[in-house]
Every structure is written in C-alpha cells, then in structure tokens.
Visitor: 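Mind looking over this structure? Questions follow.
Index from 1, following the sequence. Only a predicted model underlies this, so the values are computations on that prediction, with no experimental measurement involved. The analysis underlying the following values was restricted to heavy atoms, covering all of them including side chains, and did not include hydrogens, waters or symmetry mates.
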Amino acid sequence: MQSWVVWLVLAAVLGVAELLTLTLALGLLAVAAIAAGLGGALGLPPTLQVVVFAVTAGAGLAVVRPVALRHLRQPPALRTGVAALVGKEAVTLTEVSRHTGRARIGGEEWTARPYDPDSVIPAGTTVDVLAIEGVTALVYPREAPR
C-alpha cells in the first residue's frame with residue numbers, strides 16, 4: 001500500500017474523531033495528515049512525510065487552535081431581544097407598584113414592577129431597567145421616590 005493512502009486513512013480517522021470530540025486538535029492533526037499524504041503522493045520519502053506531518057501539526061496546534069478557541073469563547077458583541085433593554089432608561093407612564101404599572105422603554109410600552117417590591121414609583125419618574133422577567137420590566141428610580 002502506498003504511503004499517501006495510509007496518511008489519507010489516518011486523516012479520515014482523525015477527522016471522525018474530531019467530529020465526535022470537538023476538541024479542535026484532532027481536526028488539525030487530520031489536516032497535517034492530509035499535508036503529509038500530499039507529500040507522499042508527490043514522492044517524498046517517508047521521513048520527509050513525517051517531518052511535513054510534524055511541522056504542519058505543530059503549526060496548527062500552536063497557531064490556529066489558540067486563535068480558534070479565543071474566537072469561540074468570545075461573548076456575543078451585540079445584545080439582542082429583551083437582553084438589550086436591560087440597563088436602558090425608561091419613564092413610568094403610571095404609578096409602578098408591586099401589583100400594577102406601565103413604563104415606556106425605547107418607544108415601547110411595557111408592564112413594569114419596581115425592583116424593590118416594597119417601593120412605589122410615581123408616574124413620570126425616570127427609571128433604569130434592571131431586569132426583564134417575561135413581559136415585565138423590573139425598574140428602579142434614578143432618584144429615590146418621595
């Protein structure tokens with residue numbers, strides 16, 4: 001059997017193992033095996049094929065894998081949906097208490113409740129949205145309620 005076939009089989013095995021483990025390491029080794037297989041198909045002697053494999057694997061594991069892992073671990077750059085409302089400024093449209101209340105957040109009218117359930121926030125008060133629970137905004141006044 002020719003050496004490039006062995007490298008191709010090794011690359012396939014490593015590729016399947018990468019799909020099962022998702023480590024980002026075995027896939028890079030599979031790429032290195034393909035590079036060594038190309039070297040074998042071009043007629044390089046087995047020792048040079050192993051060198052091609054080692055250099056390609058080392059470069060992949062030392063350079064590509066850390067960059068890929070860094071990109072995978074980054075949080076999303078943009079908050080969307082209700083998560084984007086947390087931290088926004090709002091204005092109460094009605095008195096906001098533990099049982100009832102409405103607030104305007106970014107041009108939309110929301111059901112609102114005070115973050116501190118014992119407080120009552122009068123209508124027209126500027127508040128901060130501290131959380132969203134379902135369709136209700138939990139708000140806290142920028143100045144202490146009177």
Side-chain angles (χ1 to χ4, degrees), residues 1-93 96-119 121 124-145:
M1 185 180 315
Q2 296 184 5
S3 63
W4 67 269
V5 175
V6 174
W7 287 113
L8 187 61
V9 169
L10 179 63
V13 169
L14 288 168
V16 169
E18 174 63 36
L19 290 175
L20 296 175
T21 62
L22 300 175
T23 61
L24 293 178
L26 298 175
L28 293 170
L29 294 177
V31 170
I34 290 172
L38 286 174
L42 293 175
L44 291 178
T47 55
L48 283 180
Q49 293 173 31
V50 171
V51 168
V52 167
F53 175 80
V55 168
T56 307
L61 293 174
V63 177
V64 176
R65 187 169 188 263
V67 171
L69 288 176
R70 190 170 38 247
H71 283 284
L72 286 175
R73 292 186 179 132
Q74 283 183 346
L78 178 65
R79 292 188 309 168
T80 60
V82 294
L85 297 176
V86 174
K88 294 267 187 181
E89 180 180 290
V91 176
T92 57
L93 301 173
V96 177
S97 66
R98 98 174 21 187
H99 302 293
T100 184
R102 307 284 296 165
R104 182 167 306 280
I105 307 169
E108 295 179 341
E109 195 171 312
W110 280 75
T111 304
R113 300 288 177 268
Y115 189 77
D116 175 12
D118 295 329
S119 68
I121 304 169
T125 304
T126 301
V127 294
D128 289 317
V129 178
L130 298 183
I132 302 288
E133 289 182 354
V135 294
T136 303
L138 298 179
V139 298
Y140 193 80
R142 292 209 163 175
E143 296 178 10

Visitor: Working to the nearest 0.5 Å, report the span between CG of Asp128 and CD1 of Ile105.
Guide: 10.5 Å
Visitor: Looking just at side-chain N and O atoms, do Thr92 and Arg102 make a donor-acceptor pair shorter than 3.5 Å?
Guide: no
Visitor: When rounded to the nearest 0.5 angstrom, what distance separates CH2 in Trp110 from OG1 in Thr136?
Guide: 8.5 Å
Visitor: Determine the minimum heavy-atom distance between Leu44 and Gln49, stating which atoms define it.
Guide: O-NE2, 2.7 Å
Visitor: Using every non-hydrogen atom in the two residues, find where Ala32 and Ala57 come nearest and quote the distance to one decimal.
Guide: CB-N, 3.5 Å
Visitor: Can you tell me how far apart CG (Leu138) and CD (Glu133) are? Round to the nearest 0.5 Å.
Guide: 4.5 Å
Visitor: Checking Gln2 side chain against Ala41 main chain: does a donor-acceptor pair fall under 3.5 Å?
Guide: no
Visitor: To the nearest 0.5 Å, what is the distance between CG on Leu61 and CG on Leu26?
Guide: 9.0 Å
Visitor: If I take atom CG from residue Leu85 and atom CG from residue Leu130, how far apart are they, to the nearest 0.5 angstrom?
Guide: 12.5 Å
Visitor: How far apart are the closest heavy atoms of Thr125 and Pro141, and which atoms are they?
Guide: CG2-CB, 4.1 Å
Visitor: Does a side-chain heavy-atom distance below 4.5 Å link Asp118 with Arg98?
Guide: yes
Visitor: Where is the tightest heavy-atom contact between Gly40 and Ser3, given as atom of each residue plus distance?
Guide: CA-OG, 4.0 Å
Visitor: Which side-chain hydrogen bond (donor to acceptor under 3.5 Å, both in side chains) pairs, counting each pair once, include a residue from residues 17-45, with sequence neighbours left out?
Guide: Glu18-Thr23
Visitor: To the nearest 0.5 Å, how far apart are CG in Leu29 and CZ in Phe53?
Guide: 5.0 Å
Visitor: Less than 4.5 Å apart, side chain to side chain, heavy atoms only: is that true for Leu72 and Leu24?
Guide: yes
Visitor: Considering non-hydrogen atoms only, spot the tightest contact between Pro114 and Ser97 and give its length.
Guide: CD-O, 3.1 Å
Visitor: Over all heavy atoms of both residues, which pair between Ala90 and Val129 is shortest? Give the atoms and the distance, please.
Guide: CB-CG2, 4.1 Å
Visitor: Looking only at atom types and distance, does a side-chain atom of Arg104 sit under 3.5 Å from a main-chain N or O of Val91, one as donor and one as acceptor?
Guide: no
Visitor: Compare all side-chain heavy atoms of Leu69 with those of Pro66 and state whether any distance is below 4.5 angstrom.
Guide: no
